Student: 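Sharing a structure below in structure tokens format, with a few things to ask.
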Amino acid sequence: MSEEIRIIGGGITGLFLAYHHTKRGDAVTLYESSNKLGGLIGTNTVEEGLVEFAANGVLLTDSMNSMLDDIGLTPLFPNNASKRRYFWTNRKLSRLPISILTGLRLLYTVCFKKLKFNEEQNFETWARHMFGSAITENIIEPAIGGVYGTRLESLQAESIFNQWDGSGSSTILKEILKNKRKTYGTVSFPLGMGDLISHLVDYLKPKIQIKTNVSLDSLEEILQWKGKVKLSISLKNLIPLLGNQIDREETPNLLSITTITRFGKNHLTIDPCFGILFGKNEGIHALGVLCNSDIFPGRANNDLHSETWIYPSVAKTDDKISWESILEEDRKQITGKTDSPKAVYITSWTGAFPAYDRKLFLFNKRLDVLESQWIAEGKDIRFFGNYRKGIGLRSLFESTSRE
Ligand SMILES: Cc1cc2nc3c(=O)[nH]c(=O)nc-3n(C[C@H](O)[C@H](O)[C@H](O)COP(=O)(O)OP(=O)(O)OC[C@H]3O[C@@H](n4cnc5c(N)ncnc54)[C@H](O)[C@@H]3O)c2cc1C
């Protein structure tokens with residue numbers, strides 16, 4: 001039976017929700033506070049090539065692929081050369097930054113060691129207990145930090161792997177297999193991630209009502225609405241909307257990220273690669289760098305190379321130092337040479353990322369309680385977004401497809 005659905009927030013989460021509901025034949029109205037859809041995601045076409053505002057790619061699954069078929073968009077697969085991925089550990093590039101013996105320990109831990117989360121421990125302390133220092137410092141710290149926009153000490157394992165059974169009766173391997181879906185690697189689109197937004201919007205426009213420049217800032221008003229309501233605004237905007245529904249000490253932490261897309265004549269690494277992940281205390285300010293023009297065709301013009309560097313905004317400790325000089329200093333450590341970029345594009349997102357820590361874990365429990373409380377009162381209002389079930393677009397696509 002067709003249902004009336006109101007979606008608040010026209011970022012990718014809201015657009016995915018709208019897509020799934022139109023497939024079910026529901027009557028959807030989407031409200032977006034700004035004059036454009038897509039939220040964080042978008043692509044700027046500049047003289048030197050493409051500049052992504054946030055996400056550079058999405059993990060392709062079968063269900064995502066059928067959505068792309070529906071909206072008439074062909075995924076752009078990465079170049080073969082980009083299979084090479086580097087870690088920067090002990091101040092050098094490495095594809096496998098641990099010894100064979102440590103590798104065997106990693107294998108043993110993943111396959112046989114009982115998985116037990118500890119609410120008292122941050123991710124770093126927990127990982128050191130679970131895997132040992134070498135694996136934590138050389139693999140987990142750079143890999144997790146690069147995705148979650150901060151260092152391990154500001155994160156918590158249970159918050160990130162909230163779908164996993166961490167009670168001490170399962171193993172990491174069992175949990176991976178339980179949650180495993182077939183994936184086809186990271187893809188982008190011919191005109192960048194903005195292409196995904198414009199195709200989704202073109203597909204949805206004739207099927208749903210889209211109301212831009214409408215900011216819904218009163219929870220009382222939303223609670224009066226009939227039909228189902230899906231809140232898909234960012235965590236940063238959700239906190240003030242919830243008002244006194246949450247106590248001050250329950251307020252989750254937010255992270256600020258700066259990305260810099262740099263176009264230059266010279267390659268960052270000798271061989272083309274996907275990018276580099278940086279460990280802590282390795283003399284580099286960045287969390288990671290993506291070698292865009294090595295990964296996807298059409299990212300840079302005129303034989304230029306394109307890289308996107310990802311920084312926690314706290315990496316800039318002095319207003320007198322520019323982001324450009326921080327980047328060039330980091331770059332020099334890797335190449336051993338001073339270089340001048342052709343162009344640099346900086347995007348700073350304040351409070352764009354939820355900090356996946358203990359507070360967020362408890363905040364989500366609080367949201368579960370609120371949802372149940374409202375259902376008991378006959379109001380179907382639910383929360384969706386990158387603070388709920390995972391930060392990446394694939395998680396957002398899957399979580400929005402479930403009722
Ligand atoms: C730098 C960076 C790089 C990333 N890289 C990747 C990547 O490579 N791959 C990947 O999978 N993910 C990546 N991510 C994560 C991914 O981009 C985000 O998780 C995702 O875009 C969040 O989308 P959203 O719709 O939940 O939130 P948002 O994009 O924040 O959208 C929320 C929307 O709600 C609107 N809104 C807010 N308040 C109201 C209101 N009161 N009423 C109406 N509308 C409102 C906003 O205007 C906005 O349009 C990256 C994120 C960043 C910041």
Side-chain angles (χ1 to χ4, degrees), residues 6-19 29-43 51-61 64 78 146-150 183 185-189 192-194 196-197 200-201 210-219 221-222 229-243 254-261 274-275 286-290 292 295-296 308-313 345-354 356 383-400:
R6 294 178 202 240
I7 298 169
I8 305 176
I12 194 73
T13 303
L15 295 173
F16 282 161
L17 276 165
Y19 167 78
T29 308
L30 175 73
Y31 301 88
E32 164 57 42
S33 59
S34 73
N35 60 1
K36 69 161 198 58
L37 297 163
L40 294 177
I41 295 180
T43 310
V51 177
E52 298 291 3
F53 294 134
N56 281 260
V58 51
L59 202 56
L60 189 67
T61 57
M64 180 87 68
V147 174
Y148 287 89
T150 187
T183 58
T186 300
V187 298
S188 182
F189 305 98
M193 295 300 288
L196 173 63
I197 302 297
L200 261 171
V201 172
I210 299 179
K211 300 192 175 186
T212 48
N213 296 310
V214 178
S215 183
L216 291 151
D217 303 319
S218 158
L219 189 61
E221 185 190 333
I222 295 166
V229 179
K230 314 267 165 169
L231 271 166
S232 55
I233 64 180
S234 61
L235 182 59
K236 184 183 168 186
N237 293 111
L238 179 66
I239 295 166
L241 183 75
L242 287 174
L254 298 170
L255 300 171
S256 299
I257 307 281
T258 293
T259 65
I260 312 177
T261 298
F274 192 89
L287 296 163
V289 54
L290 292 167
N292 304 317
I295 307 172
F296 296 115
T308 296
W309 292 72
I310 301 148
Y311 288 90
S313 294
Y345 296 89
I346 302 171
T347 312
S348 286
W349 294 109
T350 307
F353 259 31
Y356 267 75
F383 302 96
F384 294 86
N386 62 11
Y387 56 92
R388 278 302 256 167
K389 303 255 154 59
I391 213 153
L393 303 190
R394 175 237 176 142
S395 305
L396 293 174
F397 186 73
E398 286 172 2
S399 60
T400 49

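A quick note: this is a predicted structure, and the numbers were derived from the prediction, not measured. Counting convention: from 1, in listed order, for ligands and their atoms alike.
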Student: Please could you name the atoms of ligand 1 that Asp217 approaches to less than 4.0 Å, counting only its heavy atoms?
Tutor: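 Going through ligand 1 atom by atom, the ones under 4.0 Å from Asp217 are 41 (N).
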Student: With only distance considered, is Arg394 within less than 3.5 Å of ligand 1 through an N or O on each side?
Tutor: no
Student: Between Lys230 and Thr400, is a side-chain contact (heavy atoms from CB on, under 4.5 Å) present by the stated rule, with each step listed?
Tutor: CA-CA 10 Å; Lys230 314 267 165 169; Thr400 49; over 6 Å; no
Student: Could you list which atoms of ligand 1 come closer than 4.0 Å to a heavy atom of Gly39?
Tutor: 29 (O), 31 (O), 48 (C), 49 (O)
Student: Geometry only, no angles: is Asn386 polar-contacting ligand 1 at N/O separations under 3.5 Å?
Tutor: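 N/O-N/O distance below 3.5 Å exists for this pair.
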Student: Which heavy-atom pair separates Tyr31 from Arg6 by the least distance, and what is that distance?
Tutor: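 That would be OH-NH1, 3.1 Å.
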Student: For atom 49 (O) of ligand 1, what is the closest protein heavy atom, and at what distance to 0.1 Å?
Tutor: Glu32 OE1, 2.7 Å
Student: Ignoring hydrogens and angles, tell me if any N or O in the side chain of Trp349 forms a donor-acceptor pair with the backbone of Thr259 under 3.5 Å.
Tutor: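 Looks like no, no N/O pair under 3.5 Å.
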Student: Distance to 0.1 Å, residue and atom name: give those for the protein heavy atom nearest to atom 34 (O) of ligand 1.
Tutor: Gly9 CA, 3.3 Å
Student: Could you say whether the N/O atoms of Gly14 and ligand 1 ever approach to under 3.5 Å?
Tutor: no
Student: Quick test: of every protein heavy atom, which one is nearest to atom 15 (C) of ligand 1, and how far off is it to 0.1 Å?
Tutor: Ile391 O, 3.5 Å
Student: Students should be able to answer this: which protein heavy-atom is nearest to atom 23 (O) of ligand 1, and at what distance?
Tutor: Ile12 CG2, 3.5 Å
Student: Provide the number and element of each atom of ligand 1 under 4.0 Å from a heavy atom of Ser234.
Tutor: 30 (O), 32 (C)
Student: Counting non-hydrogen protein atoms only, what is the nearest one to atom 29 (O) of ligand 1? Give residue, atom name and distance.
Tutor: Leu40 N, 2.8 Å
Student: Out of Thr13, Leu393, Ile233, whose heavy atom sits nearest atom 16 (C) of ligand 1?
Tutor: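 Nearest heavy atom to atom 16 (C) of ligand 1 lies in Leu393.
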Student: Indicate, as side chain, backbone, both or neither, the part of Thr259 found under 4.0 angstrom from ligand 1 when only non-hydrogen atoms are considered.
Tutor: side chain
Student: Closer than 4.0 Å to some heavy atom of Asn237 - which atoms of ligand 1 meet that?
Tutor: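 Those atoms are 37 (C), 38 (N).
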Student: Under 4.0 Å from a heavy atom of Ile8: which atoms of ligand 1 are those, numbered in the order shown and with their elements?
Tutor: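 The atoms of ligand 1 under 4.0 Å from a heavy atom of Ile8 are 42 (N), 43 (C).
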Student: With side-chain contact (heavy atoms from CB on, under 4.5 Å) as the test, would you mind laying out the steps for Leu200 and Ile12 before giving the verdict?
Tutor: CA-CA 9 Å; Leu200 261 171; Ile12 194 73; 3.9 Å; yes
Student: For Ser313 and Thr258, which I'm curious about, is there any donor-acceptor pair between the side chains at under 3.5 Å?
Tutor: yes
Student: Hey, does Phe353 come in under 3.5 Å of ligand 1, counting only N/O atoms on both sides?
Tutor: no
Student: What protein heavy atom lies closest to atom 45 (C) of ligand 1? Include the residue and the distance to one decimal.
Tutor: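 Among all protein heavy atoms, the one nearest atom 45 (C) of ligand 1 is Ser33 OG, 3.3 Å.
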Student: Determine the minimum heavy-atom distance between Ile295 and Phe274, stating which atoms define it.
Tutor: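 Reported closest heavy-atom pair: CD1-O, 3.3 Å.
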Student: When you measure from the side chain of Ser395 to the backbone of Gly390, do you find a donor-acceptor pair of N or O atoms at a distance under 3.5 Å?
Tutor: no
Student: Can you list the atoms of ligand 1 that are under 4.0 Å from a heavy atom of Ser215?
Tutor: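 Within the 4.0 Å cut-off of Ser215, ligand 1 contributes 40 (C), 41 (N), 42 (N).
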Student: How close do Met64 and Leu393 get, heavy atom to heavy atom, and via which atoms?
Tutor: CE-O, 4.3 Å
Student: Does only the side chain of Ile41 get under 4.0 Å from ligand 1, or the backbone, or both, or neither? Count heavy atoms.
Tutor: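 Answer for Ile41: side chain.
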Student: Is the shortest N/O to N/O distance between Ala352 and ligand 1 below 3.5 Å?
Tutor: no
Student: Mark up the atoms of ligand 1 that fall under 4.0 Å of a heavy atom belonging to Asn56, in ascending order.
Tutor: 7 (C), 8 (O)
Student: Would you mind finding which of Gly392, Gly57, Gly38 brings a heavy atom closest to atom 9 (N) of ligand 1?
Tutor: Gly57
Student: Kindly indicate, with the supporting measurements, whether the criterion side-chain contact (heavy atoms from CB on, under 4.5 Å) is fulfilled by Val58 and Phe397.
Tutor: CA-CA 10 Å; Val58 51; Phe397 186 73; over 6 Å; no
Student: So which atom in Leu40 and which in Ala352 form the shortest heavy-atom distance, rounded to 0.1 Å?
Tutor: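 Reported closest heavy-atom pair: CD2-CB, 4.3 Å.
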Student: Which heavy atom of Leu396 sits nearest a heavy atom of Ile391, and at what distance?
Tutor: CD1-O, 4.3 Å
Student: Report yes if some N/O of Leu216 lies less than 3.5 Å from some N/O of ligand 1; otherwise report no.
Tutor: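 It does: an N or O of Leu216 is found under 3.5 Å from an N or O of ligand 1.
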Student: Quick one: nearest non-hydrogen protein atom to atom 31 (O) of ligand 1, plus distance?
Tutor: Gly11 CA, 3.4 Å
Student: Does Asn56 use its side chain to pair, donor to acceptor, with the backbone of Ala54 at less than 3.5 Å?
Tutor: yes
Student: What do you reckon, does Val214 put a non-hydrogen atom under 4.0 Å from ligand 1?
Tutor: yes
Student: Would you check if the side chain of Lys236 reaches a backbone N or O of Thr350 as a donor-acceptor pair within less than 3.5 Å?
Tutor: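 Pair found, side chain donor or acceptor close to backbone of Thr350.
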Student: Can you tell me the protein heavy atom closest to atom 13 (C) of ligand 1 and the distance?
Tutor: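 Result: Ala55 CB, 3.5 Å.
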Student: For Leu60, is there any backbone N or O sitting under 3.5 Å from a side-chain donor or acceptor partner on Thr183?
Tutor: no
Student: Determine, using heavy atoms of Leu241 and all atoms of ligand 1, whether some pair is separated by less than 4.0 Å.
Tutor: no
Student: I want to know if ligand 1 touches Val58 in the polar sense, i.e. an N/O pair below 3.5 angstrom.
Tutor: no
Student: Using distance alone, determine whether Lys36 and ligand 1 share an N or O pair under 3.5 Å.
Tutor: no
Student: Taking all atoms of both residues into account, what is the closest heavy-atom pair of Ile239 and Leu254, and its distance?
Tutor: CD1-CD1, 4.3 Å
Student: Check whether any side-chain N or O of Glu221 sits under 3.5 Å from a backbone N or O of Leu216 as a donor-acceptor pair, and report yes or no.
Tutor: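 Between the backbone of Leu216 and the side chain of Glu221 there is no qualifying donor-acceptor contact (under 3.5 Å).
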Student: Checking the side chain of Ser232 only, and the main-chain atoms of Gly385 only, is there a donor and an acceptor separated by less than 3.5 Å?
Tutor: no
Student: If you measure every N/O of Trp349 against every N/O of ligand 1, is any gap under 3.5 Å?
Tutor: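 So ligand 1 has no N or O lying under 3.5 Å from an N or O of Trp349.
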